[in-house]
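Below is one structure, written out as structure tokens; the observations come after it.
When reading the values below, keep in mind they use all heavy atoms of this one structure, side chains included, and skip hydrogens, waters and symmetry mates. Heads up: numbering here begins at 1 and tracks the sequence.
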Amino acid sequence: MSAQPGIDRGHTDDLMSFLRASPSPYHAVASAAERLEKAGFRRVEETAPWDGAAGGRFVLRGGAIIAWYVPEGAEAATPYRIVGAHTDSPNLRVKPIPDTGAHGWRQIAVEIYGGALLNTWLDRDLGLSGRITLRDGSHHLVTVDRPLMRVPQLAVHLDRSVNTDGLKLDKQRHMTPVWGLGGVEEGDLVRFVAEETGVAAEEIAGWDLMAHSVEPPAHLGRDRELIAGPRMDNLVSVHAGTAALIAAATQQELPYIPVLAAFDHEENGSQSDTGADGPLLGTVLERSVFARGGAYEERARALAGTVCLSSDTGHAVHPNYAERHEPGHHPRPNGGPILKVNVNQRYATDGAGRAVFAAACERAGVPWQSFVSHNSMPCGTTIGPITAARHGIATVDIGIAILSMHSARELCGAQDPRLLAMALHAFLGA
């Protein structure tokens, strides 16, 4: 199996570096932007006028990035090919008044973000990441990538039934991490963050901070055919989409305008100014049409011909819980990307979308699999149906199969990230 140009066998090792450099959505978009800039893309500000010249551009807003490449000769009504993804993952987010504690322990008050598997955050060395906002409105990334916090589990001697009746965690009482000893001091965490980032504590006006596991991604298994790491849902797709867009931008002729749309807040419903249910993508696509001399008619024609692959992780068949999966659909690691189907529109895929995805995989020379949920199990959802409904864009839900979804540390096949990137490149560069 040969790799698509620009998607080589070092892709998965590069993904591991990307995961390590992206402990928060703000870091993820900064990492993607750095790669795009090295490939010749330039950042454009939403408050500035845009031009319609050929070349690559991207917009950053919070934890979201929209990037696109206008090929030579593109017309106002040229349709788009979009890879959609999201930058956020379930975790522990710092509360507005963070300093707390009890019985001689100093702790940090956190709120549960998204559908986290709470037990996976227990007894794990945690760092701190995110961004701070200063009084002048500027933002600064925060990266404390060393053991700083820990959510200690109750010893089995004090919970004799834990291995028979199961672990029961109260989000409010049991998930507060410790980070030292002593009395509670108001402003302690802010002062610490100020020292770490080299700013004055009194200049910090706001923060968006979160815990992350400091254990690095790693190959796993006798033959190293698996990858274990944090935030694979869904930085695998952000990384693959970035690589695919950069590779597509090197092609001489493109019938479409390739786009990467990586949103924030998917894990809690996408309803924000940086989420898929916000106006960001539609505004960028519309302004791009207008910058190339188009009007409403050209915008409508461009979107009517547009297709989006909504790329997110899906469930690999679990060897210990196979009965929870649809018997006829058992996606397996290293079996290639998965096509996600749900007739009740939890996924946006239909037969026409299946054909588009299958054609891209065929051009890329990669295998692919189908995923559908067991009829008696509720089905998750993605940005796919939101994108389709909000913008009237034909959308197909795809991804790679993983285990331990929403854990602090997830598991996938070592070949699947590269196979996904190859398929996305074939889709964007068709």
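The closest donor-acceptor contact from the side chain of E45 to the backbone of T47 lies at 3.5 Å or more, if one exists at all. Under a 3.5 Å cut-off, the side chain of E267 and the backbone N or O of P90 do not form any donor-acceptor pair. Distance alone, capped at 3.5 Å, is enough to place a donor-acceptor pair between the D99 side chain and the D188 backbone. With hydrogens and angles ignored, the 3.5 Å screen pairs no side-chain donor or acceptor of R81 with any backbone N or O of T306. The closest donor-acceptor contact from the side chain of S24 to the backbone of H27 lies under 3.5 Å. Proximity of a side-chain donor or acceptor of S311 to a complementary backbone N or O of G399 within less than 3.5 Å is not detected. At distances below 3.5 Å, not a single donor-acceptor pair connects side-chain atoms of R35 with backbone N or O atoms of I246. Side-chain atoms of T381 come within 3.5 Å of backbone atoms of R346 as a donor-acceptor pair (strictly under, hydrogens ignored). Between the side chain of S370 and the backbone N or O of L339 there is no donor-acceptor pair closer than 3.5 Å. Judged purely by atom type and a 3.5 angstrom limit, S213 has no side-chain atom pairing as donor or acceptor with the backbone of L126.
Between H239 and H11, the distance separating the two ring centers is shorter than 6.0 angstrom. Here W68 and F41 keep their ring centres 6.0 angstrom or further from each other.
At a threshold of 4.5 Å between non-hydrogen side-chain atoms, the residues T12 and Q415 do not count as touching. Residues I338 and I398 are not in side-chain contact: their nearest non-hydrogen atoms beyond the backbone lie 4.5 Å or more apart. Side-chain contact between R390 and D277: present, with at least one pair of heavy atoms (C-beta onward) separated by less than 4.5 Å. A 4.5 Å side-chain heavy-atom check between I66 and L260 finds every atom pair outside the cut-off. Looking at T274 and P25, their side chains never come closer than 4.5 Å, going by heavy atoms from C-beta outward. For the pair I383 and D397, the minimum side-chain heavy-atom distance is 4.5 Å or more. Between W207 and V190, some side-chain heavy-atom pair lies under the 4.5 Å cut-off.
In this structure, the separation between OH on Y26 and CD1 on I65 is 14.5 Å, given to the nearest 0.5 Å. From L254, atom CG reaches atom OG1 of T250 across 8.5 Å, with rounding to the nearest 0.5 Å. Distance check, rounded to the nearest 0.5 Å: CD1 of I400 to CG of L419 gives 9.5 Å. Rounded to the nearest 0.5 Å, atoms CH2 (W105) and OG1 (T100) are 14.5 Å apart. A distance of 11.0 Å separates OG in S310 from CD1 in I82, rounded to the nearest 0.5 Å. Put simply, OG on S373 and NE2 on H325 are 9.5 Å apart, with the number rounded to the nearest 0.5 Å.
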So H265 and S270, side-chain hydrogen bond (donor to acceptor under 3.5 Å, both in side chains) or not? Walk me through it. CA-CA 5 Å; H265 301 131; S270 296; over 6 Å; no

Could you walk me through whether F263 and D88 pass the side chain to side chain contact (heavy atoms under 4.5 Å, CB included) check? CA-CA 8 Å; F263 301 100; D88 60 319; over 6 Å; no

Test side chain to side chain contact (heavy atoms under 4.5 Å, CB included) on L245 and L36; report intermediate values, then the result. CA-CA 9 Å; L245 176 60; L36 290 164; 4.1 Å; yes

Dump the intermediate steps for side chain to side chain contact (heavy atoms under 4.5 Å, CB included) on R150 and D123, then the final yes or no. CA-CA 6 Å; R150 186 180 180 94; D123 297 331; 3.4 Å; yes

Side chain to side chain contact (heavy atoms under 4.5 Å, CB included), that's the test. Do M210 and L92 meet it? Break it down for me. CA-CA 6 Å; M210 60 205 71; L92 312 179; over 6 Å; no

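Listed by chain and residue number, nothing satisfies the salt bridge (charged side-chain N to carboxylate O under 4.0 Å, His left out) test with R93 (two or more places apart in sequence, or in another chain). Under the salt bridge (charged side-chain N to carboxylate O under 4.0 Å, His left out) criterion, D145 pairs with R20, not counting sequence neighbours.
Between the side chains of S31 and S22, at least one donor-acceptor pair of N or O atoms lies under 3.5 Å. For the residue pair S89 / D233, no side-chain donor-acceptor distance below 3.5 Å is found, with atom types taken as modelled. Between the side chains of D312 and H86, a donor-acceptor pair is found at a separation under 3.5 Å. Between the side chains of S237 and N234, at least one donor N or O sits under 3.5 Å from an acceptor N or O. There is no side-chain donor-acceptor pair under 3.5 Å between E225 and H219. For the residue pair Q251/H425, the side-chain donor-acceptor check at 3.5 Å is satisfied.
Under the side chain to side chain donor-acceptor pair (under 3.5 Å) test applied with R131, the options T197, T143, D208 reduce to a single match, D208. In summary, of the residues considered (L118, I112, L154), a side-chain contact (heavy atoms from CB on, under 4.5 Å) with L169 occurs for L118 alone.
The pair R299-E286 counts as a salt bridge, with a side-chain nitrogen and a carboxylate oxygen less than 4.0 angstrom apart. With salt bridges taken as basic N to acidic carboxylate O contacts below 4.0 Å, one links E215 and R124. A salt bridge is absent between E75 and R292: the closest approach of a Lys/Arg side-chain nitrogen to an acidic carboxylate oxygen does not fall below 4.0 angstrom.
When the shell of 6.0 Å around CD of E37 is examined, it contains more than 12 heavy atoms from other residues, nucleotides or ligands. For R61, the CZ atom counts as densely surrounded, since its 6.0 Å shell holds more than 12 non-hydrogen atoms of other residues, nucleotides or ligands. A 6.0 Å sphere centred on NZ of K171 holds no more than 12 heavy atoms belonging to other residues, nucleotides or ligands. For N320, the CG atom counts as densely surrounded, since its 6.0 Å shell holds more than 12 non-hydrogen atoms of other residues, nucleotides or ligands. In this structure, Q345 places its CD atom where more than 12 heavy-atom neighbours from other residues, nucleotides or ligands lie under 6.0 Å away. Around atom CD of Q172, no more than 12 heavy atoms belonging to other residues, nucleotides or ligands sit under 6.0 Å away. The 12-atom threshold is exceeded at CG of L158, counting heavy atoms of other residues, nucleotides or ligands nearer than 6.0 Å. The local environment of CD in E46 is crowded, with over 12 non-hydrogen atoms from other residues, nucleotides or ligands closer than 6.0 Å.
A cation-pi arrangement is not found for R43 relative to F58, the charged atom failing to lie both closer than 6.0 Å to the ring centre and inside a 45° cone about the ring normal.
Taking both residues in full, the closest heavy atoms of S129 and H212 are given as OG-ND1, 3.2 Å, listed atom of the first, atom of the second, then distance. Taking all atoms of both residues into account, the shortest heavy-atom contact from Y80 to L285 is OH-O, 2.9 Å. Annotation for M377 and R324: closest pair CG-O, 3.7 Å, computed over non-hydrogen atoms. Contact between A32 and T242 at its shortest, heavy atoms only, is CB-OG1, 3.8 Å. Across every non-hydrogen atom of P331 and Q369, the tightest pair is CA-OE1, 3.2 Å. When every heavy atom of A426 is checked against every heavy atom of R363, the shortest pair comes out as O-NH2, 3.4 Å.
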